[in-house]
Amino acid sequence: MTRTATPAAQRPLFAQFADVIDHALDALERAGTLPPGLARGAVTCEPPRDAAHGDVSTNAAMVLARPAATNPRALAERLIAELTRDPRVTGAQIAGPGFINMRLDAAAWRDELRLIAAAGDDYGRSALGGGSVVNVEYVSANPTGPMHMGHCRGAVVGDALASLLAFAGHRVIREYYINDAGGQVDVLARSVHLRYREALGEAVGAVPEGLYPGDYLIPVGAALAQEFGAIYAAAPEADWLVPFRTRAVAAMMVMIRDDLARLGIHHDVFASEADLHAAGKPAAAEAWLRDHDLIYDGLLEAPKGKVAEDWEPVALPLFRSTRFGDDQDRPIRKSDGSWTYFGADLAYHFQKSANADALVNIWGADHAGTVKRIKAAVAALTGATGQSIPFEIKLVQMVQLLRDGQPVKMSKRSGTFVTLADVVDEVGRDVVRFTMLSRKPDAQMDFDFAKVVEASKDNPVFYVQYAHARVQSTLRKADLAGLTASVAALDRLGDEELALIRLAAQFPRVIEGAAAAREPHRVAFFLYDLAGAFHAYWNLGNDRPDKRFIVADDNGLTGARLFLAAQIGQVIRNGLALLGVTAADTL
RNA sequence: GCGCCCGUAGCUCAGCAGGAUAGAGCACCAGAUUCCUAAUCUGGGGGCCAUGGGUUCGAAUCCCGUCGGGCGCACCA
């Protein structure tokens, strides 16, 4: 979703002032105060830590003083002379070690409020990504059963990240890699064959060790009995393995897509590992890597430091991942000649890189051990051809489920896992999604069933949604009284109202920062802060009716306050949309 | 043994590509409030940012060591 840059006058305030600072530096260059061509990447344009210091702050003088062979304060004075030419700047001071703090005319904030209204759902949208294509691969759960809570965090974080990147100006491909070619899907096929025989009336007894025991395979077996009759009941595995596997995987993917839909997640591309093999992609990658001496036939070493009594070295084709920082070289094929997971994954990433400018993978922390090898493979395959593309793997840490303060135990083998569908049904999509985004992904987190559904201000999901609902209920109430939002008397908004605008105006910066860092949780924390500020303002009205949004006998002020409320609601709505959380009108 | 992640207030966590006096919620303390602006409100105390070094004008943030917790470590996926 590319979007051309809006005219400068319509850009968010802090983006405009980044330009103001940039132009001021240009002027100093022309005047000879600054040497030409200094790197300005570290120059900031942000609100001061303490609002009492002003509205916009920059560290430009501190960052550029040294390369300009001057001192920060001297440079700051020259810079201030330029900056104060902007009519919106009503004052500027040097503070601390060389910060420049500018104070803006209140009209600048009223303009920002108008901008929010004009941009609407697009307020905060950025051209930062420049239309470059980012492939975000997430979920990619094995197609052997329903989604369980172990998949949940990565699914939500990946989905929110994809939305965030799209909002920040990237074209985004949401991709799911189906591991439909390994040993696990053969196990699935055998498990389904058992259910098939069961559906034909055979007494199969308990599901044997090593097969998937879940009831969700019963209908799959029944469908196969319907389709094939009894022809495969006593047939050798070689006869039915492939057709059973194909149908079982398809059935699992229907189930998984349904689970994902409950969370509001829809991928653009489902890439099949089996298709990859059928197209000869791993072999092609191997040939290329062998030509470049990155694969050799060697002996697989014992894992480092671990005691392996019965270790026997095996001759295997190994990828030289140690050249890229891995601990040891990794096999791409097994001793029977079939591909390892890594061998196929390597080819898969090469395939993805052909259709994107950057790759992002969302993985569970339990896969941390394989990060180095796959990054090595991508570096080898794309770097050596001069097509090196950025490739990031974001690890999401474990989630501990708690019920009544006690950890909920999960065992995949016995089938006693907590399914995603059950949790979404129990606590709701919004709660699941917001909670998963309410912590930075690289920290572990608890998911306490009791706490996440609590409808109080202690619950961030509720707190943010409640702020939006308050906005909407106020607008409804005003509407019934024949009152409407209006910009006619915006200049009657006072300091408390302007403070709210100042915070809301951070949204575009939060978006760009979060997108650049690939950290959607920042949006959630911002919304919590904005909701908090809104509630605090609302509470002023408890004791002071003159601070309410609807002020009796003052339609001008009421119109301005309603306009403010509507825009705060707009920003909350835009943020929640990125997180995939409903902006409810009532609670 | 090795690799990755984490360690910030009593608890749960933020801290935005190194910046100003380290923030929020809960809990605690002190007030207000029974109000439909309705799932309370206002204010306050509380920190050696695990620890020892290093880098520089400046470090919770970057680098190295130590301690503590989590995850992982064969041709599984």
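Computed over heavy atoms, backbone and side chain alike; hydrogens, waters and symmetry mates excluded. The sequence lines fix the lettering, A, B, ..., with proteins before strands; numbering per chain opens at 1. It should be emphasised that the depicted structure is a prediction, and the values quoted were computed from it without experimental measurement.
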Kindly indicate whether the side chain of Asn459(A) and the base of A39(B) share any N or O donor-acceptor pair separated by less than 3.5 Å?
no
If you measure from the C1' atom in G65(B) to the same atom in A9(B), how many Å do you get, rounded?
28 Å
Other residues, nucleotides, ligands: >12 heavy atoms within 6.0 Å of Asp336(A) CG:
yes
Taking donor-acceptor contacts at under 3.5 Å, does the side chain of Ser335(A) reach the base of C75(B)?
yes
In the strands shown, is A50(B) matched to any nucleotide by a Watson-Crick or G-U wobble pair with both distances under 3.5 Å, and which?
U66(B)
Across all strands, who's sitting opposite C71(B) as a Watson-Crick or G-U wobble pair, both distances under 3.5 Å?
G3(B)
A24(B) phosphate, OP1 or OP2: any side-chain N/O from Lys457(A) under 4.0 angstrom?
no
Comparing nearest nucleotides in RNA chain B, the 5'-proximal residue of the pair Gly513(A), Arg373(A) is Gly513(A)
Quick one: label Pro331(A) by what it contacts on the DNA or RNA (base, sugar-phosphate, nothing), any heavy atom closer than 4.0 Å.
sugar-phosphate
Between Phe534(A), Tyr466(A), Tyr463(A), which is the residue that forms a ring-ring contact (aromatic ring centres under 6.0 Å, His included) with Tyr528(A)?
Tyr463(A)
Could you check whether the rings of His148(A) and His151(A) sit parallel, tilted or perpendicular, using 30° and 60° as the cut-offs?
tilted
Just to be sure I understand the rule, does Leu540(A) reach a base, reach only the sugar-phosphate, or reach nothing, if contact means heavy atoms closer than 4.0 Å?
nothing
Pairing check on G18(B): which nucleotide meets the Watson-Crick or G-U wobble criteria with it, both distances under 3.5 Å?
none
Can you tell me the distance, in whole Å, between the CE atom of Met398(A) and the P atom of C4(B)?
17 Å
If the C1' atom of G43(B) is compared with that of C6(B), how far apart are they to the nearest Å?
35 Å
Within the 4.0 Å heavy-atom criterion, would you say Arg333(A) contacts the bases, only the backbone, or no part of the nucleic acid?
nothing
Tell me what Phe526(A) touches on the nucleic acid: a base, only sugar-phosphate, or nothing, going by heavy atoms under 4.0 Å.
nothing
No-hydrogen, no-angle side-chain donor-acceptor test under 3.5 Å, Lys375(A) and Asn361(A):
no
Counter-base of G25(B), judged by Watson-Crick or G-U geometry with both distances under 3.5 Å:
C11(B)
Short side-chain N/O contact to C36(B) OP1/OP2 from Asn542(A), under 4.0 Å:
no
Across every strand shown, the nucleotide meeting Watson-Crick or G-U wobble geometry with U56(B) (both distances under 3.5 Å) is none
Just call it for Arg548(A): base, sugar-phosphate, or nothing, with non-hydrogen atoms closer than 4.0 Å on any strand.
base
Does OP1 or OP2 of C76(B) have a side-chain N or O of Lys334(A) closer than 4.0 Å?
yes
Does U37(B) have a Watson-Crick or wobble mate here (both distances under 3.5 Å), and if so which one?
none
Look at all strands and tell whether Ala95(A) reaches a base, only sugar-phosphate, or nothing, counting heavy atoms closer than 4.0 Å.
base
Students often get this wrong, so: under 4.0 angstrom with heavy atoms, is Ser57(A) touching a base, only sugar-phosphate, or nothing?
base
Would you indicate what His521(A) reaches in the nucleic acid, counting non-hydrogen atoms under 4.0 angstrom: base, sugar-phosphate, or nothing?
sugar-phosphate
Test of ring centre spacing under 6.0 Å for Phe14(A) and Phe507(A):
no
Indicate, with a heavy-atom threshold strictly under 4.0 Å, whether Thr370(A) touches base, sugar-phosphate, or nothing.
base
Select base, sugar-phosphate, or nothing to describe what Tyr463(A) touches, counting heavy atoms under 4.0 Å on all strands.
nothing
Between Arg522(A) and A14(B), is there a contact of a side-chain N or O with OP1 or OP2 at under 4.0 Å?
no
Determine the interatomic distance between P on U8(B) and the same-named atom on C16(B); round to the nearest Å.
16 Å
Across every strand shown, the nucleotide meeting Watson-Crick or G-U wobble geometry with A30(B) (both distances under 3.5 Å) is U42(B)
Closest approach of Met445(A) to Thr435(A) (non-hydrogen atoms, all atoms of both residues):
CE-O, 3.3 Å
Taken to the nearest whole Å, CZ/Arg49(A) to P/A14(B) is 17 Å
Decide yes or no for Pro282(A) and His277(A): does some side-chain heavy atom of the first lie under 4.5 Å from some side-chain heavy atom of the second?
yes
What about Tyr466(A), does its side chain sit under 3.5 Å from the base of A39(B) through a donor-acceptor pair?
yes
G72(B) pyrimidine/purine six-ring stacking with His367(A), under 5.5 Å and 30°
no
Quick one: label Pro460(A) by what it contacts on the DNA or RNA (base, sugar-phosphate, nothing), any heavy atom closer than 4.0 Å.
nothing
Of the candidate nucleotides C5(B), A24(B), G3(B), which contains the atom at the shortest distance from the side chain of Asp327(A)?
G3(B)
